[in-house]
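Below: one structure in structure tokens.
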Amino acid sequence: MNKLTNFILWAGCGILTSSLWAQEAGRFSGGLQTNANVFMRDSLIGAFNIPQYDYQLFGAETWLDLNYNVSGFDLSVRFDLFNNSNLLDPNSSYSGQGIGRWHIEKKVNKLGIKVGHIYDQIGSGIIYRAYQERPLLIDNALYGARLTYDILDNWEIKAFTGRQRFLFDAYPSNIKGLAFEGFLDVSGEKRVVTLAPGFGFINRTLDDETMTDLVDIIKTYQDQDRVFPVYNTYLFTVYNNLTAGKFNWFVEASVKSSETFNDPNALKTEITGVQTFGKLVKESGSVIYSSLSYASQGLGITLEGKRTENFDFRASPLQRQLRGLINFIPPMNRQNTYRLTTRYAPATQFLSEQAFQADVKYKFSRAFSAGVNTSFISDLNGGKLYRELYTEFLYKHKRQWQLGGGLQLQEYNQEVYEVKPEVPLVTNVVPYLDFLYRFSRKKSIRAELQYMFIGEDENAGAKQDYGNWLFALVEFSIAPHWSFTVSDMYNSVAGVNSPKDEDGKKLNLHYPRVDIYYTIKANRFSLSYVKQVEGVVCSGGICRLEPAFSGFKFSASSTF
């Protein structure tokens, strides 16, 4: 965003705010989030050879949100700051600052008007979702305009157009969307029955520069590999949420017209006649997703299924990894929380995935409850990608103490999810315990203990990946202000990828962490010393592989 745009934005907001303030006192609100990292080089664990470790030594990110509501107007602006940040690319450094987001919104009778940066989605997000995940620096708001209109009670139509935001600019392709959603109550005398149907449409039009780049790349292909890119791509979706008594059923079916995208697994014939993986292809796509749940008298059951084919949809086909994603396909695995149960997490596959998940929870009494979750994820050819069986229990003894725990079994395709060629499926078993004891209403102590038994890599004659892990944590809390945590992740049995000394001997290393948290009213501060092994970081099913970290982390957040 250039200086002239900033000036116009601030001047316009100032004039509008001043004129409205004269008529009616409005309400200000906002929030601050800041992160700071001190990088301490540790070549033994792989924390080196990026700018922060080699010479910058410090990195930070800050977001400041300001909101103002007056006379039915909603005005919002956000300042973003990145100072040698590793959020955009964990292996690089990024610095920049400016207005990261702004919007003006007003409801005029049945018409809703919003311009600026807009977060929104259609259905479950399969064809369109504009959202943010700060831990991965995903912030793909639509920079444009949106109109909504209440046709009838509980029925709305919305239309929007603009470009997808990227940092302080936007991708050049244009996005247009339309959605129609409603709600019907068809309940009878004995049962509550409701329907929430919807329909959505998205169109993306490529710019001339992107089209030229696509054509130039395809020209280098052999004749049998060449495709003809198109400017316009169209996506359609229909969905409905049915509630009938204790049952809830959501289903969505989406299709995408034929477009050009990158397929990393497609064979490309080089000029020399050698075949290599990865090329631009042109295919149509589809997704079918459904979720069925039941809840009654302490019993909860959820079943989910999904089939995805060629549904990589971005602001530009030239973008890779987490860049330029326009849509969001729901993940099909349990979102785990413990350190070792989250070590191997499957990223959603956009091109070829069929998945099933079942989750059952039952409360036997006020004191005891248990649950089991299972996930099966494969590609469309039946190739195994991920399997998980997760069990859990929780026992509460009055209000004094509670004990939780369970067992996780996994199979994880590291070759696909982490792009590590010719490695076997990672297999592991993780038992875990979580104990909480309350000394008083304000003081408590909590302890975690986890162990990962990992399978053998028969080709290497050693444990798979990094081998076996032991994780232990102790947390002491003094409500409502203080919390202290000490933990250690120990590579108890070294594996194929474990660090080695100068003589090539595998090392059993410790990865300690110490955290101090302080909360005062609406302010929260944390200071941590961290050594963290390389691994996958996920947020809502969107994942990326991040290198090891060594150093200090500070964070502060505030709402007002």
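Quick note: residue numbers are just sequence positions, from 1.
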Mind checking whether N140 and I326 have side chains closer than 4.5 Å, heavy atoms only? no
Quick one: do F453 and Y451 satisfy ring pair (Phe, Tyr, Trp, His ring centres under 6.0 Å)? Show the steps, please. CA-CA 7 Å; F453 300 90; Y451 195 85; 4.6 Å; yes
Side-chain H-bond candidate by donor/acceptor type, S444 with R438, under 3.5 Å: no
Do L195 and N240 have side-chain heavy atoms sitting under 4.5 Å apart? yes
So, do F247 and I301 sit near enough that their side-chain heavy atoms are less than 4.5 Å apart? no
May I ask you to decide if A141's main-chain N or O and H117's side chain share a donor-acceptor pair within less than 3.5 Å? no
R334 to Y390 six-membered ring, cation-pi geometry met (6.0 Å, 45°): yes
With a 6.0 Å cut-off (strictly less than), is the heavy-atom count around CG of L425, excluding the residue itself, greater than 12? yes
Is the shortest heavy-atom distance from the side chain of S290 to the side chain of E304 under 4.5 Å? no
Verify the distance criterion only: is there a donor paired with an acceptor across the side chains of Y119 and D139 at less than 3.5 Å? yes
Tell me whether K553 is salt-bridged to E61, with the criterion being a basic N under 4.0 Å from an acidic carboxylate O. no
Assess whether a salt bridge exists between K463 and D465, defined as any Lys/Arg side-chain N lying under 4.0 Å from an Asp/Glu carboxylate O. no
Would you mind reporting whether I138 and L325 have side-chain heavy atoms less than 4.5 Å apart? no
With no hydrogens and no angle check, do the side chains of R387 and S378 hold a donor and an acceptor under 3.5 Å apart? yes
Any donor-acceptor pair under 3.5 Å linking the side chain of N154 with the backbone of G182? no
Check: I122 and T237 side chains under 4.5 Å, non-hydrogen atoms: yes
L340 and M489, any side-chain heavy atoms less than 4.5 Å apart: yes
For residues Y432 and Y338, establish whether the separation of their ring centroids is below 6.0 Å. yes
Test ring pair (Phe, Tyr, Trp, His ring centres under 6.0 Å) on Y511 and W469 and set out the steps. CA-CA 10 Å; Y511 295 82; W469 290 99; 5.6 Å; yes
Under 6.0 Å from the CD atom of Q321, do we count more than 12 heavy atoms belonging to anything else shown? no
Please determine whether a side-chain nitrogen of the Lys or Arg among D65 and R134 lies less than 4.0 Å from a carboxylate oxygen of the Asp or Glu. yes
Tell me whether the rings of W482 and Y518 are parallel (<30°), tilted (30 to 60°) or perpendicular (>60°). tilted
Got a salt bridge between R339 and E448, using NZ or NE/NH1/NH2 to carboxylate O under 4.0 Å? no
For T348, all residues meeting side-chain contact (heavy atoms from CB on, under 4.5 Å), sequence neighbours excluded: K306, I329, P331, F350, E353
Looking at R446 and E475, is there a salt bridge between them, counting it only when a charged N and a carboxylate O are closer than 4.0 Å? yes
Just checking, any donor-acceptor pair under 3.5 angstrom between side chains of T302 and S293? no
Does a side chain donor of either S555 or N35 reach within less than 3.5 Å of an acceptor in the other side chain? no
Looking at CD of Q410 and CD of E388, how far apart are the two atoms once the value is rounded to the nearest 0.5 Å? 5.0 Å
Ion pair present between K158 and D120, side-chain N to carboxylate O less than 4.0 angstrom? yes
Start with the C-alpha distance between N248 and T243, add both sets of side-chain angles, then the distance that settles side chain to side chain donor-acceptor pair (under 3.5 Å), and finish with yes or no. CA-CA 4 Å; N248 184 274; T243 299; 2.9 Å; yes
May I ask you to decide if E415's main-chain N or O and N413's side chain share a donor-acceptor pair within less than 3.5 Å? yes
Below 4.0 angstrom, N of the basic side chain to O of the carboxylate: do D488 and R513 qualify? no
Give the ring-plane orientation class for F484 versus F476, where under 30° counts as parallel, over 60° as perpendicular and anything between as tilted. parallel
Six-ring centre of Y466, R343 cation under 6.0 angstrom, axis tolerance 45°: yes
Determine, for F439 and K442, whether the Lys NZ or Arg CZ falls below 6.0 Å from the six-membered ring centre while staying within 45 degrees of the axis. no
Please work out whether the ring planes of Y412 and Y386 are parallel, tilted or perpendicular, with thresholds of 30° and 60°. perpendicular
Closer than 3.5 angstrom, by distance alone: can the side chain of S483 be matched with the main-chain N or O of Y517 as a donor-acceptor pair? no
Will you find, in the side chains of T308 and Q349, an N or O donor that is under 3.5 Å from an N or O acceptor? no
After noting the C-alpha distance and the side-chain angles of F236 and F201, does the key distance pass the ring pair (Phe, Tyr, Trp, His ring centres under 6.0 Å) rule? CA-CA 5 Å; F236 301 87; F201 163 78; 5.2 Å; yes
From CA spacing to verdict: ring pair (Phe, Tyr, Trp, His ring centres under 6.0 Å), F328, Y131: CA-CA 9 Å; F328 173 85; Y131 67 108; 5.7 Å; yes
Using 30° and 60° as the class boundaries, would you call the ring planes of F364 and F368 parallel, tilted or perpendicular? tilted
Do Q357 and N373 meet the criterion of a side-chain donor-acceptor pair at a distance under 3.5 Å? yes
Just do the side-chain contact (heavy atoms from CB on, under 4.5 Å) check on F39 and S550 with the steps written out, would you? CA-CA 6 Å; F39 295 85; S550 173; over 6 Å; no
Report yes or no: does R129 contribute a side-chain atom to a donor-acceptor pair with the main-chain N or O of S124 at less than 3.5 Å? no
